[in-house]
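Excluded from the calculations below are hydrogen atoms, water molecules and symmetry mates; all remaining heavy atoms, backbone and side chain alike, are included.
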Amino acid sequence: MSHPHPELKPAPPLPKGGLRVVALGGLGEIGRNMTVFEYGGKLLIVDCGVLFPEENQPGVDVILPDFTSIRDRLDDVVAVVLTHGHEDHIGGVPYLLRERRDIPVVGSKLTLAFLEAKLKEHNIRPRTVRVREGDRRGFGPFDCEFVAVNHSIPDGLAVAIRTGAGMVLHTGDFKMDQFPLDDRITDLRAFARLGEEGVDLFLTDSTNAEVPGFTTSERELNPAIEQVLRTAPRRVIVSSFASHVHRIQQVLDAAHQYGRKVAFVGRSMVRNMGIARDLGYLKVPSGLVVSMKELEKLPENRITLVCTGSQGEPMAALSRMANRDHVIRIGKGDTVLLASSLIPGNETAIYRVINGLTRWGANVVHKGNAKVHVSGHASAGELIYCYNIVKPRNVMPVHGEWKHLKANADLAIRTGVDPDRVVIAEDGVVVDLVDGRASITGKVPAGYVYVDGMTVGGVTEASLKDRLTLAEEGVVTVVAIVDADTGALAETPDFLARGFVHDETTFESVIPVIEKTLATAAEEGVGDAHQLEQLIARSVANWAYRTHRRRPLIIPVIIDA
């Protein structure tokens, strides 16, 4: 199994007739999925998503893949293929199209509809190419065939990319539910047919590679969802992903069955369900969905609300209900149904919301206490099936953190793939398929690109470090008036502190430290204001750590007297 090494050098030129594969996101994290394929001087991009920030990235809205390595080659990009409509696969497209507007964007009907709604907010009208399973289209030297896969959003596609260097099969995000609500199953016959032709490189979804067995079918959730809507004494508030059309379909069907009316709450939920309904992916019995105003006139046991916020997002409807900051006042007898997963890293936020809702008297039903959610990703049993059907010559696990990629690689090896042909790569690691063998040949830059309000890439690791310092250690501004002739203090310095514990006397002991620093500087002939500020900042920082065990951000200001 070839592992990436931190000491990888920049990749050499691609050998003639070779295929290069570089993930710019999605390996080593769950999010910002983006893979670039290079063949014959042209580039094909599969997916371009965003990653949501963690607590240690304050003020960041989303994180993009790093386009540095393709920026001077944007004219060589023949298309962006989108496997499905989730944010971690389409959220980065607006930022890519800002750099070159006319890149053709390829996807299924629902995926493109979700993307176009998103692009409208960025005032971009994309060049789109609509495809469906069974279609085969050429984009430059890449011959792409699209295969139906089942996932937690309708209309998912895997893509088989044929090139002169061999065939790649990229599963996208998928599972193998045998009884999906829309009867559109993952097309294993196509996988087998491609396997017969010969899959030279198989890129497979690793998210659930550590989970043994098979992912439960969506239909098995019906009894638990129906029970909630049948037995809830008052209102039912359902929270789900704004893209999980099938889960919301199950809620609508159950609500209809038990004589309830439904209203959608939250901008993304209203928008996406409107799109899904218009395109026929969401079947809404007539008269079932009503406006909030109409809903409020009904008796409470006929009310169902469907909202966002199942991940504990602070601004989403559910968190605001938990904080009493929403028009919907949760009270005793209300039932809240969290029909969604716990995305790694969001657990604390989700439990905070569950506790808040419970405190107001709600009965909270979630995957921890009822069968109301199944994953959208294949578990180990399904992945093994795929390896045995496809019989790939080389395997590159994608979509997952390190532990997921490693678990998936182990599954491939257990089914008989040569360990030397199983490549665990990270973001930016270059994998070349040459003469039928995949191997790691180098790396390209693939850092985090932060979107902060309207700025893209303006926030750096250093500024995040400053933000964390401000949050945890506080800030101290030192204003020193210095006699230009002697280099000594003309009067006592002023100290302005925020978030740093202090009283009148706190800074008395630092004044001699500053005097000493200035005296030394004067002896050494340092008179430059900027250098003096640096020296003062360092000495005050050392003092703060020695006396208070704190490392506040020090802002020195020197004024010539």
Check: Is the closest side-chain heavy-atom distance between R277 and V289 below 4.5 Å?
Finding: yes

Next item on the list: For atom CZ of R193, decide whether the heavy atoms of other residues, nucleotides or ligands shown that lie under 6.0 angstrom number more than 12.
Entry: yes

Check: Are S310 and L318 side-chain neighbours, meaning at least one heavy-atom pair lies under 4.5 Å?
Finding: no

Note to self: Could you report the tightest heavy-atom contact between G26 and D427, atom names first, then the distance?
What the structure shows: N-OD1, 3.4 Å

Next item on the list: State, to 0.1 Å, how close G312 and I350 come at their nearest heavy-atom pair, and which atoms those are.
Entry: N-CG1, 4.0 Å

Margin query: Testing the 3.5 Å rule here: is there a donor-acceptor pair between the side chains of T204 and N408?
Written below: yes

Note to self: Is a donor from one side chain sitting under 3.5 angstrom from an acceptor on the other, for D47 and T83?
What the structure shows: yes

Check: Do Q250 and R247 have side-chain N/O donor and acceptor atoms under 3.5 Å apart?
Finding: yes

Item checked: From CZ (R98) to CD1 (I124), nearest 0.5 Å -> 6.5 Å

Next item on the list: Indicate whether the side chain of Y448 and that of D66 have a donor and an acceptor atom separated by less than 3.5 Å.
Entry: no

Next item on the list: Kindly compute the distance separating CG (D143) from CZ (R136), expressed to the nearest 0.5 Å.
Entry: 4.0 Å

Next item on the list: May I ask you to decide whether K109 forms a salt bridge with D278, counting only side-chain N to carboxylate O separations under 4.0 Å?
Entry: no

Next item on the list: First locate atom CZ of R162, then atom CG of L19, and finally report the distance between them rounded to the nearest 0.5 Å.
Entry: 14.0 Å

Check: Heavy-atom distance under 4.5 Å between the side chains of R32 and D88, does that happen here?
Finding: no

Next item on the list: Mark yes when over 12 heavy atoms from residues, nucleotides or ligands other than R324 sit less than 6.0 Å from its CZ; otherwise mark no.
Entry: yes

Notebook entry, point to check: Side chains of R137 and V106: closer than 4.5 Å at any heavy-atom pair?
Noted result: no

Check: Thinking salt bridges, do D410 and R414 make one under a 4.0 Å N-O criterion?
Finding: no

Item checked: Stepwise side-chain hydrogen bond (donor to acceptor under 3.5 Å, both in side chains) test for H84 and D155 -> CA-CA 7 Å; H84 64 283; D155 243 6; over 6 Å; no

Next item on the list: Please confirm whether the backbone N or O of F179 pairs with a side-chain atom of R219, one donor and one acceptor, at under 3.5 Å?
Entry: yes

Notebook entry, point to check: Which heavy atom of T335 sits nearest a heavy atom of P233, and at what distance?
Noted result: OG1-CD, 4.3 Å

Check: What are the two closest non-hydrogen atoms of A117 and I275, and how far apart are they?
Finding: CB-CD1, 3.7 Å

Check: D253 and Q257: side-chain hydrogen bond (donor to acceptor under 3.5 Å, both in side chains), yes or no, with the steps?
Finding: CA-CA 6 Å; D253 292 345; Q257 192 178 341; over 6 Å; no

Margin query: Taking the side chain as everything from C-beta on, heavy atoms only, tell me whether C307 gets closer than 4.5 Å to F264.
Written below: no

Checklist line | K175 with E218: basic N within carboxylate O range, under 4.0 Å | finding: yes

Checklist line | Lys/Arg-Asp/Glu bridge criterion (N-O < 4.0 Å) met for K391, E196 | finding: no

Next item on the list: Hey, could you give me the CG/NZ distance between D182 and K283, rounded to the nearest 0.5 Å?
Entry: 8.0 Å

Notebook entry, point to check: Going through the distances and angles, do I248 and M273 end up as a side-chain contact (heavy atoms from CB on, under 4.5 Å)?
Noted result: CA-CA 9 Å; I248 290 160; M273 289 309 116; 3.7 Å; yes

Next item on the list: Would you confirm whether T186, through its side chain, and L188, through its main-chain N or O, come within 3.5 Å as a donor-acceptor pair?
Entry: no

Note to self: Can you tell me how far apart OG (S108) and CG (L279) are? Round to the nearest 0.5 Å.
What the structure shows: 10.0 Å

Check: Would E116 and R125 satisfy salt bridge (Lys or Arg N to Asp or Glu O under 4.0 Å), going step by step from the backbone distance to the final call?
Finding: CA-CA 7 Å; E116 282 165 350; R125 290 197 56 183; over 6 Å; no

Check: Would you say R320's side chain and I328's backbone share a donor-acceptor pair under 3.5 angstrom?
Finding: no

Next item on the list: Assess whether side-chain contact (heavy atoms from CB on, under 4.5 Å) is satisfied between V262 and V290, documenting all intermediate values.
Entry: CA-CA 6 Å; V262 177; V290 298; over 6 Å; no

Item checked: Step-by-step side-chain contact (heavy atoms from CB on, under 4.5 Å) determination, V372 to V365 -> CA-CA 8 Å; V372 291; V365 180; 4.1 Å; yes

Note to self: Between K406 and E210 (salt bridge meaning N to carboxylate O under 4.0 Å), is one present in this structure?
What the structure shows: no

Check: Got a salt bridge between R271 and E121, using NZ or NE/NH1/NH2 to carboxylate O under 4.0 Å?
Finding: yes

Item checked: Heavy-atom side-chain proximity of S206 to V398 below 4.5 angstrom -> no

Item checked: Option among L169, V131, I161, L194 that satisfies the side chain to side chain contact (heavy atoms under 4.5 Å, CB included) test with E145 -> L194

Checklist line | Verdict with supporting geometry, L115 and V93, side-chain contact (heavy atoms from CB on, under 4.5 Å) | finding: CA-CA 8 Å; L115 177 74; V93 174; 3.7 Å; yes

Notebook entry, point to check: Does a donor on one side chain and an acceptor on the other come within less than 3.5 Å for N272 and Y281?
Noted result: no

Item checked: Pairwise side-chain contact, I45 with T35, heavy-atom cut-off 4.5 Å (strictly under) -> no

Next item on the list: Verify whether the ring centers belonging to H122 and Y95 lie closer than 6.0 Å.
Entry: yes

Notebook entry, point to check: How many angstroms lie between atom CE of M292 and atom CG of L305, to the nearest 0.5 angstrom?
Noted result: 5.5 Å

Check: If you take all heavy atoms of R132 and L157, which pair is closest and at what distance?
Finding: C-CD2, 4.4 Å

Next item on the list: Could you pull out all residues at least two apart from S379 that satisfy side-chain contact (heavy atoms from CB on, under 4.5 Å)?
Entry: N208, V211, T215, E382

Note to self: Within the 4.5 Å heavy-atom criterion, are H170 and F37 side-chain neighbours or not?
What the structure shows: yes

Check: Are H399 and H404 close enough that their ring centres sit under 6.0 Å apart?
Finding: no

Margin query: Hydrogens and angles aside, do H86 and S243 bring a side-chain donor and acceptor to less than 3.5 Å of each other?
Written below: yes

Item checked: Exceeds 12 heavy-atom contacts within 6.0 angstrom, atom OH of Y385 -> no

Item checked: Matching residue for N394 among V417, V431, L201 - test: side chain to side chain contact (heavy atoms under 4.5 Å, CB included) -> L201

Check: Between the side chain of N369 and the main-chain N/O of V364, is any donor-acceptor distance below 3.5 Å?
Finding: yes

Check: So, S217 and E220: side-chain donor and acceptor under 3.5 Å apart, yes or no?
Finding: no

Note to self: Please give me the minimum heavy-atom distance between A263 and L295, naming the atom from each residue.
What the structure shows: CB-CD2, 3.6 Å

